[in-house]
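To start, the structure itself, in structure tokens.
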Amino acid sequence: PAGPALENPGVTEFVGTSIGDTIGLVIANIDSTLQEKMGLDKRFRSIGILGARTGAGPQIMAADEAVKATNTEIVSVELARDTKGGAGHGCLIIFGAEEVSDARRAIEVALKELPRTFGDVYANDAGHLEFQYTARASYAIEKAFGAPLGKAFGLIVGAPAAIGVVCCDTAVKAAEVDIVGYASPAKGTSFTNEAILFISGDSGAVRQALIAARDVGKRLLATLGEEPKSLGVPYI
Amino acid sequence: PAGPALENPGVTEFVGTSIGDTIGLVIANIDSTLQEKMGLDKRFRSIGILGARTGAGPQIMAADEAVKATNTEIVSVELARDTKGGAGHGCLIIFGAEEVSDARRAIEVALKELPRTFGDVYANDAGHLEFQYTARASYAIEKAFGAPLGKAFGLIVGAPAAIGVVCCDTAVKAAEVDIVGYASPAKGTSFTNEAILFISGDSGAVRQALIAARDVGKRLLATLGEEPKSLGVPYI
Amino acid sequence: PAGPALENPGVTEFVGTSIGDTIGLVIANIDSTLQEKMGLDKRFRSIGILGARTGAGPQIMAADEAVKATNTEIVSVELARDTKGGAGHGCLIIFGAEEVSDARRAIEVALKELPRTFGDVYANDAGHLEFQYTARASYAIEKAFGAPLGKAFGLIVGAPAAIGVVCCDTAVKAAEVDIVGYASPAKGTSFTNEAILFISGDSGAVRQALIAARDVGKRLLATLGEEPKSLGVPYI
């Protein structure tokens, strides 16, 4: 398809865009009444905004790297039921910062991470699979998923949810990992058609669990449609 | 595309259709057990029904004009997560009336208003923006948005929600308005990918806030896709 | 379109697929920590999994036949907001069994029932209608819809929800039936754009109510698009 109508919208808040209809924005000095109505922590006058139609995991993982690299905090993570007719989430992630330059830097880092964090997202017309890994979870992962800080973390998503359930079971049987949480259409998701597992533990074990789940997930999703394709470059 | 299979379905309940897969219907004498199960006010034996796949704001604004013009009340407003794969809501609005002719008249008025109330809805493949204005809010707006009766009212919607946040901030900085409410993917919406602001106040200020938000919203949405197009004729 | 990439994925959990992107799976020995995190009854070491992108009613009705025919129980029914951009639900249904052969048999029965239970689902681009009937409701219907065991049961769904409301009113006026429940975009659904009625009672009356609702529903949906087409072979 053609590119966007505007590369540069001439709006000071604009930072950039990326895969998944992700847009990155900053507000140097958010209106304080609005900030209150939004339920945001009022310590920060500057905010960074990372939002997308498609994806929540990739953006949260990208935000986690951004928080590690900058002087910002994650003040809010909200998940829409979206993916443009697909089975999953969209997202709205808000960073707080004392200086707008810090908020902008965080958004820039997150946007740059996205092609990587979409690497182990696999999709076809019938559904999608997502696998994420980090050797050291930081504040975005803690905020969004309740995972312990500083430990290896893994995320497993399968849609339709039936496939996700088998991926989750495969993962926890493949290696000794801790289950941080489980989410499904009626519990812990925004009514997406996904089963999701959050795991933590030894770095090698988390990777082993993810790889086993990815193998079975790709085979199962292929029974409902075309061979699932990576949306980026696999990194796990 | 071709027109609908039936222009006139030969069903007494049918009133008409409009933009956004909106359909208008009446029930002269609703079954009283069903009425109770639906949780509707039992004072009214006749109901008018306005429902749509795409849109909630345009239909609520249209219903507001219908309530002003007829002897009806708004008894229920429910928002589906819909827009046919888009980022927003669909709706189900129910009017109560003592006479079916009043219910029918309300639905007719609402259907006629819709091409106008879709006028400041702008969309492209990546998302949508919506702006609504009335010089005097009536009962539909009060019921759906909690806005004060009889005052100027404005609605600002941006999707993906990240764009909506900047629209909201721009609006409240552009003019002295009261924030009636704010909604976002996890709070106050049906998990849509929207940030929404409800504003009230002086008529000129409300319009000024809307126009400023519209300008920035259209620029930002154009960075994710084609130039956003109005779905009707802009009226603000 | 082309068939799926894999007919046989070489995964022991795989049972089969059917209409609506439905997949049937079994886990012989579910990981007990995962089972606990999923909130499943721990009496069963084997589970059967029936999940779909499109449909909840057809799969629940199919599961009801599967429960009647096998030594299994329904341990969980979750409804996603899905249908791939349509107005309705997807689903995740979990059977419990003591032996994996029982779980597998239940999934096989359910998959075989689906072409029938999609028979009175009618759709066009603007929405869908669904009607289901059984002379004797069993445990899946009781679990999902709260309907009384052993009695005739009927399900009426209309989308957009406005059309569903008229279908529901038509049904209860057409015959003497008991209303088991009503669901709508903001109450009892996963924010779908549907109005849904669950009815119970005398077998002839339930059928009569369904047939009346189906007639009016098909006419109304045809005012918004093409003539609604059955997704299978009508059975009511």
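So that the names make sense, note that chain A is the first sequence line, chain B the second, and so on, each numbered from 1.
Across every non-hydrogen atom of T223(A) and P4(C), the tightest pair is O-CB, 3.2 Å. Contact between K173(A) and N29(C) at its shortest, heavy atoms only, is NZ-O, 2.8 Å. Nearest approach of N193(A) to A52(C), heavy atoms of both residues: ND2-O, 2.8 Å. When all heavy atoms of P160(A) and R53(C) are compared, the pair lying nearest together is CB-CD, 4.1 Å.
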Practice prompt. Kindly determine whether V172(A) and T33(C) satisfy side chain to side chain contact (heavy atoms under 4.5 Å, CB included), including the steps that lead there.
Written response: CA-CA 9 Å; V172(A) 296; T33(C) 310; over 6 Å; no
Worksheet item: Could you go step by step and tell me if D125(A) and K84(C) meet the side chain to side chain contact (heavy atoms under 4.5 Å, CB included) rule?
Response: CA-CA 9 Å; D125(A) 176 64; K84(C) 301 176 94 167; 3.0 Å; yes
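Contact of the R81(A) side chain with the D82(C) side chain is registered, since non-hydrogen atoms from C-beta on lie closer than 4.5 Å. Contact check for K37(C) versus L197(A): no side-chain heavy atoms found under the 4.5 Å cut-off. Using a 4.5 Å cut-off on side-chain heavy atoms (C-beta onward), E78(C) and T189(A) make no contact. Proximity of V165(A) to M38(C): side-chain heavy atoms (C-beta onward) are separated by under 4.5 Å at one or more points.
In terms of non-hydrogen atom pairs under 4.5 Å with chain C, the most contact-rich of T170(A), L220(A), V216(A) is L220(A). Ranked by heavy-atom pairs under 4.5 Å with chain C, the first of A161(A), C168(A), A87(A), G86(A) is A87(A).
Residue S76(C): no heavy atom, backbone or side chain, is found under 4.5 Å from chain A. Looking at T192(A), only its backbone comes within 4.5 Å of chain C, counting heavy atoms on both sides. With a 4.5 angstrom heavy-atom cutoff, L25(C) touches chain A only via side-chain atoms. Residue L79(C) touches chain A through its backbone alone, counting heavy-atom pairs closer than 4.5 Å.
The 12-atom threshold is exceeded at CG of D41(A), counting heavy atoms of other residues, nucleotides or ligands nearer than 6.0 Å.
Here the straight-line distance linking atom CG of L92(C) with atom CD of E194(A) works out to 12.0 Å at 0.5 Å rounding.
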